[in-house]
Amino acid sequence: MVKHWRPAVAALATIALVGACSSDPEPTEEQAVQPATTSCASSGELTMWERSGGNKQMVDLLVEAWNTKNPDCKVALTYIPHTEMVGKIAQGIASGEVPDLMGMDLIYAPQFEKAQQLVDLTERIKSWPELATASKGHMTVATYEDKLYGVPLYADVSALFYNKDLFTKAGLDPEKPPTSLDELRSYADKITALGGDVKGYYLPGNCAGCNIFTVGPLMWASGAKIEATAEGDEPLTGDGVKQVLQFARDMVKAGNVHEGDRAENGETFHLQFGTGKVGMMGTGNFNITLARQQNPNMKFGIGLLPGVSPNSSASFIGGDLVVVPRGSERVADAVNFMKFLLSDEVQVEVYAKALNLTTRTDMVDNKYFQAEPLVQDVAKALDVGRTPYTLTFFEQINSPQGPWLQMLQKAYYTDESLDTIIADAKKAMKTVASQG
Amino acid sequence: MRRGRRNGWVGLAYLSPALLFVLIFTVYPLVRMAWMSLHNWSLLTPPRWVGFDNYTRAFDDRQFWVSFGFTLKYTLIITPILIIGGYLLALLTAHNSPVRRLTRTVVFTPVVIGLGVSSLLWYWLFSTDFGFVNTVLLDLGVLKEPVVWLGVDADRSNLAIIASVVWKVIGFGMVLFVGAIQAIPSDVNEASLVDGASYRQRVTRIVLPLTLRTVLLVTLLSVIGSLLAFDQFYIMTAGQPQNETATSVFFVYLNSFPYLKLGYGAALSMVLALTILAFTVVQLLLTRRSHT
């Protein structure tokens with residue numbers, strides 16, 4: 001009986017293997033030479049994945065604009081929890097269950113490009129004039145060994161948001177945000193002294209990504225380097241690491257942050273500034289619109305995230321790329337969607353109109369930004385911003401269980417020696433980088 | 001002879017659906033996991049043979065043992081609560097009456113809710129600013145300011161999670177205990193009453209010995225379930241603070257999926273599976289000894 005089963009089992013196994021191998025068609029040459037347009041080349045729903053916890057408002061608007069223009073080729077958008085995005089994409093690629101295109105947190109792009117899990121778009125997009133002014137940070141990580149794998153979906157830059165109403169109440173000049181860590185501390189003390197439920201500063205105690213976005217720049221501005229770029233590279237170098245950790249520990253001890261901040265895991269990070277109970281907070285450009293919606297009467301300003309020395313500053317240029325996973329069957333349409341995103345009309349009438357940063361620097365001078373000084377202020381962060389480049393960003397930095405957050409939590413909430421804390425984190429990051 | 005062989009084929013035919021099920025859903029995944037544990041595999045790149053490196057690494061991985069220690073601690077705390085609590089509830093509700101039936105139903109209801117859903121519910125109940133727990137304790141004057149229950153202090157987080165799991169699971173043991181208690185022949189109880197045994201004597205000398213096998217079964221299930229705890233910690237603390245509430249399975253998940261180290265995750269799973277197997281064997285041996 002077992003013998004009789006063998007052919008059937010073998011046949012089933014063969015079918016499974018053939019199925020697994022054939023689910024990944026590469027674009028044909030005909031598709032490759034099609035010039036891109038801002039409209040869909042074929043009909044039928046385009047599937048797209050995007051992480052939650054990113055700039056959902058912006059992505060929804062972009063998809064809505066595309067769907068209005070292309071009613072026969074609408075993008076069906078699925079949000080994946082941001083902490084599971086990497087695993088979900090990897091599983092999707094391995095099983096052949098991939099969307100036609102996807103938004104990807106730009107810091108993960110190098111890992112997928114190196115593993116050749118994204119479609120090489122060089123021949124399709126390299127001649128686009130829009131790329132010359134596309135966000136440099138995005139295009140750096142969208143490029144691997146001179147091949148192009150994506151274009152910017154949206155850009156987030158971090159800056160220091162401050163509540164002008166609380167500044168005035170605390171006797172501070174509402175037109176002068178702090179320009180050094182010492183000033184930041186002294187301003188926070190004065191705002192906290194107002195009492196009630198008001199605190200001078202905000203530290204997201206349980207969110208690795210929020211901290212690299214807002215505390216990382218404090219270290220960069222103080223001359224430090226954070227991540228290990230590759231095996232053998234030394235992470236957490238420079239005095240700025242310890243200086244910023246000491247600054248944050250002192251802020252917590254002085255009572256300049258809310259007790260509840262300690263549990264912030266990123267879910268409500270974007271809603272904190274708009275409560276009006278925080279004097280100063282490192283956050284992103286996306287908070288301009290959000291804070292206005294939450295608290296229309298609150299007056300606020302935007303400065304740069306400072307370092308130890310006066311007038312030093314830095315910013316994290318983050319955001320998402322649009323990429324095409326290997327196995328996508330609608331590469332040409334995905335490329336058209338990219339062309340659409342970079343078009344003048346979308347840059348102004350979708351990105352700028354929603355007061356989000358344009359992903360092309362030559363589109364910053366537009367009627368919407370001219371009418372909104374806050375966006376112009378936050379755009380200054382682009383000049384001092386940077387995007388980390390490492391193949392193990394998630395494990396070193398962004399993981400809620402990774403060494404970066406562990407180091408910060410110990411520094412913020414314990415009395416352990418900062419040298420020991422930094423040494424432990426350094427060792428863990430080097431181990432991760434060596435295994436990458 | 002021919003008839004015996006034919007009977008053998010018929011027997012195999014009857015068994016084949018079950019055998020096939022076990023082969024596909026138990027044996028194959030186990031073999032596949034063992035194979036994976038001997039490779040480095042990120043899903044993004046092809047598997048690479050590394051022999052027993054993943055196992056060597058697992059034994060040197062401090063976080064794995066921290067997670068394992070925490071899982072044991074969680075198991076040691078929650079198991080007696082579930083067993084003793086479930087048994088006491090069963091003693092209170094074993095005899096049928098409308099109020100007791102209603103009590104059993106109420107206590108058992110959370111068992112039919114998914115653990116993920118109940119964890120989300122309790123995550124909200126324990127919320128620092130909006131949670132029902134803090135609101136009640138503040139209103140009653142027990143607390144002067146809101147407590148951060150989850151993700152800040154490992155012991156406090158553990159206790160909060162244990163409270164949520166006890167609410168969710170205790171009804172399961174209770175129902176099994178009620179069944180076992182109700183299965184005790186009534187003449188045994190009646191004889192003890194005639195002999196003048198007190199309630200305590202009847203519970204300790206008659207009910208408990210006669211339901212011991214069920215107690216051991218529920219203990220076994222509770223220990224295995226607790227050693228494999230994942231959902232509640234993933235949802236309610238995500239391992240925080242500083243991975244102190246990351247259970248063993250959470251650590252396996254973390255390595256296998258977010259970190260894309262499938263081979264290492266498989267090796268950790270093998271170590272964990274063997275450990276749980278050892279626990280189970282010891283417990284079964286104890287069960288057998290107590291029975292004999």
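Naming: A, B, ... by sequence-line order, numbering from 1 per chain.
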Of the non-hydrogen atoms in B/V148 and A/G260, which two are nearest, and what is the gap between them? CG2-CA, 4.5 Å
Write out, in numerical order, the residues from residues 111-127 of chain B with a heavy atom short of 4.5 Å from a heavy atom in chain A. B/Y123
Check salt bridge (Lys or Arg N to Asp or Glu O under 4.0 Å) between A/D261 and all other residues, then give those that pass, not counting sequence neighbours. none
If you count the non-hydrogen atoms of other residues, nucleotides and ligands that lie under 6.0 Å from NZ in A/K426, is the total more than 12? yes
Steps toward side chain to side chain contact (heavy atoms under 4.5 Å, CB included) verdict (A/E395, B/K261): CA-CA 11 Å; A/E395 211 175 331; B/K261 293 175 179 168; 2.5 Å; yes
Least distance between heavy atoms, A/S399 atom then B/Y259 atom: OG-OH, 2.8 Å
A/K88, part contacting chain B, at a heavy-atom distance under 4.5 Å: neither
Just to verify, what does A/E50 make a salt bridge (Lys or Arg N to Asp or Glu O under 4.0 Å) with, not counting sequence neighbours? none
Derivation and outcome, side chain to side chain contact (heavy atoms under 4.5 Å, CB included), residues A/Q401 and B/Q63: CA-CA 10 Å; A/Q401 294 78 26; B/Q63 182 58 47; over 6 Å; no
Heavy-atom proximity to chain A below 4.5 Å, by part of B/F250: side chain
If you count heavy-atom pairs under 4.5 Å with chain B, which of A/I89, A/I93, A/N206 comes out on top? A/N206
With only heavy atoms counted, which part of A/Q117 is less than 4.5 Å from chain B, the side chain, the backbone, both or neither? side chain
Could you walk me through whether A/N265 and B/Q240 pass the side chain to side chain contact (heavy atoms under 4.5 Å, CB included) test, one step at a time? CA-CA 10 Å; A/N265 61 6; B/Q240 299 302 330; over 6 Å; no
Options B/T45, B/L262, B/N243, B/T128, ranked by heavy-atom pairs under 4.5 Å with chain A, top entry: B/N243
Can you tell which part of B/A246 gets under 4.5 Å to a heavy atom of chain A, answering side chain, backbone, both or neither? neither
Cut-off 4.5 Å, heavy atoms of chain B, and the answer for A/Q91 is both
In short, side-chain hydrogen bond (donor to acceptor under 3.5 Å, both in side chains) pairs touching residues 133-144 of chain B with sequence neighbours left out are B/N134-B/W149
Interface residue of largest heavy-atom contact number with chain A, from B/P146, B/G151, B/A238, under 4.5 Å: B/A238
Check each atom of B/R57 against the heavy atoms of chain A and say whether the ones under 4.5 Å are side chain, backbone, both or neither. side chain
Taking every non-hydrogen pair under 4.5 Å, which of B/L254, B/L150, B/N40, B/T237 racks up the most with chain A? B/L254
